[in-house]
Amino acid sequence: MAMAGRAIQVSSIIVILLGIASGSLSLPPDRSLHPRILVLVDDLTVKSSHSLFFASLADRGYRLEFKLTSDPSLALTSYGEYLFDGLILFAPAAEHFGGSVDIASILDFVDSGRDLILAADVGMSETLRTIANECGVEFDEDSNAVVIDHLNFAESETDTEHSLIAADTFVASSAILGEKGAEAPVLFQGIAHSVAPANDLVIKVLSASASAYSANPEVQLNGPPSLSGTSISLVSVLQARNNARVLISGSLSLFSNKFFVFPFKKFGSSTSFQRSGNQMFAEEISKWVFHERGHLKAVNVHHHKVGNLEEPSMYRITDHIEYSVEIYEWTGKTWKPYVADDVQVQFYMMSPYILKTLNHNGQGLYTTSFQVPDVYGVFQFKLDYNRLGYTTLAISKQIPVRPFRHNEYERFIPAAYPYYSSSFSMMFGFFLFGVVFLYHK
Amino acid sequence: MTSAAGNVKVLFSSLKSTYVATPMKLKIVNLYVFCTLCTAVIQVVFVALVGSFPFNGFLSGFLSGMGTIVQAVCLWMQVIPKNKEFKELSLERAFADFVLTNLVLHLIIMNFL
């Protein structure tokens, strides 16, 4: 019995460790407080034309390294260890990368849990198209087609084709866009991509309005365009199952200084904006992509019988138990308690027998108590938390539940009193019968 | 019809006269069996009304009744003077068997309650 108990303890510890490893509860252990980001550009003028964006990243403590895509010394890994924690690809026309970087190594980079920002533009290369495909995003096949919107463009003297769009259809998530959201429309000039609706890992952060379409402005349209309306996504993010985050934008100039400080007036509306919402949008979404917001970890899963504090290796049916877990959110520098009212735990064996919403104490400690159902077997405490913009939490801890022991049943059942009385009367009757049978005359 | 009714009446009166002639001991056994049967039937009615929740309780009560009925019948068979099979068994031996088996039965019943 003791051996079985010890084995169950060890196996539960292994399950916890596996749960932690597979749920990526923490950031990669080699990620420092000043993460290194590699920025790959086509030519170094991008460094100055997008300097506001890079300065905001550097101000938040990231160490940026700028390299040309043709640099022969490019490398993401060295001797099996990754040199960078994030990758920004501001090189829409790059066909080949120098050094040891190629499509496979970039995808491995994302598979290892690290983040990627990819900006495409008119004339994007097949390489970038393939990378985007692997991330669940499909760009328009015609690489010269831009997003055109005749009803939602920003009025400007240089743009006569209405391809400079002022978009304000954002995803409703304060995790991705920050507390305030975007206060002004975001200027966009670039190409369209679409996201398969069955894909629930990719989120359309900024979509085009219903009057937008994707076409080459110099070529006459022969039929309806392949991408149009709100199915066009201008900026999408992917949160992979290992919690790596990928941002894919159809416009490189969305991040540029020019668009950050562009005063414009939207067509058809009388309000004119001194500043576009680009800077705020780019900063907030880069915070999300680099895990400064919306990255959760769940630690210290405890369960015990009400009254005890130690964790038993086995429960009995109809026990009263308490379950507690601590959930924290990464702020970029520290873990702060995560506060939400919709975290639920399941007591699960093939299907959830009990589903309870956890109560939190404001400091990130979530607790609940319930009674084990009248079913015995091997159960799991399953915590599955999937919210838009947050990392997925999938923690499970296994615990067996035994039936009553021989002496744990109810001692005297009121419904059975007739049976008790009949048995005893039978014994008494037998005694009386014996006496009468033997001694009567 | 009248002959049939008359036959039944004759049957009953002959049964009654024979019965009065049986030894007292056997009448005691019959009475014992009858009381046990009543108790068992009451339990069955109770289960039919209330449902079988403590089913092992019902079983122990009912089977104690059945067990003692069977043992009483065995005792009866061994005690009847006309029964040739058990002629060599004395009354004491039969009764001792009866007591032993009853003890075992009640032990089992108490455990199963």
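Here is the naming used below: chain letters follow the sequence lines, and residue numbers restart at 1 for every chain. FYI, side chains are in, hydrogens and waters are out, and symmetry mates aren't considered; it's all heavy atoms of this structure.
- Between B:Phe98 and A:Phe433, the ring planes are perpendicular. Angles over 60° get that label, and only those under 30° would be called parallel.
- Side-chain contact check for A:Phe424 versus B:Met110: some heavy-atom pair is nearer than 4.5 Å.
- Using a 4.5 Å heavy-atom threshold, the side chains of A:Tyr419 and B:Phe62 count as separate.
- Among all heavy-atom pairs drawn from B:Gly61 and A:Ser423, the shortest one is CA-OG, 3.9 Å.
- For OH of A:Tyr417, the number of neighbouring non-hydrogen atoms (other residues, nucleotides, ligands) closer than 6.0 Å is greater than 12.
- Between the CZ atom in A:Phe431 and the CG atom in B:Asn102 there is a gap of 12.5 Å [rounded to 0.5 Å].
- Looking at B:Leu63, there are no atoms closer than 4.5 Å to chain A (heavy atoms on both sides), in backbone or side chain.
- By the 4.5 Å heavy-atom criterion applied to side chains, B:Thr39 and A:Ser425 are counted as neighbours.
- Between A:Phe437 and B:Phe95, the ring planes lie parallel to each other; the angle is under 30°, not in the 30° to 60° tilted range.
- Interface remark: of the candidates B:Leu31, B:Leu75, B:Ile42, B:Leu105, B:Leu75 forms the most heavy-atom pairs closer than 4.5 Å to chain A.
- Closest approach of B:Gln43 to A:Ser422, counting heavy atoms only: NE2-OG, 3.0 Å.
- Summarising the local packing, CZ of A:Phe370 is surrounded by more than 12 heavy atoms from other residues, nucleotides or ligands at distances under 6.0 Å.
- Using a 4.5 Å cut-off between heavy atoms, B:Ser64 contacts chain A through both its backbone and its side chain.
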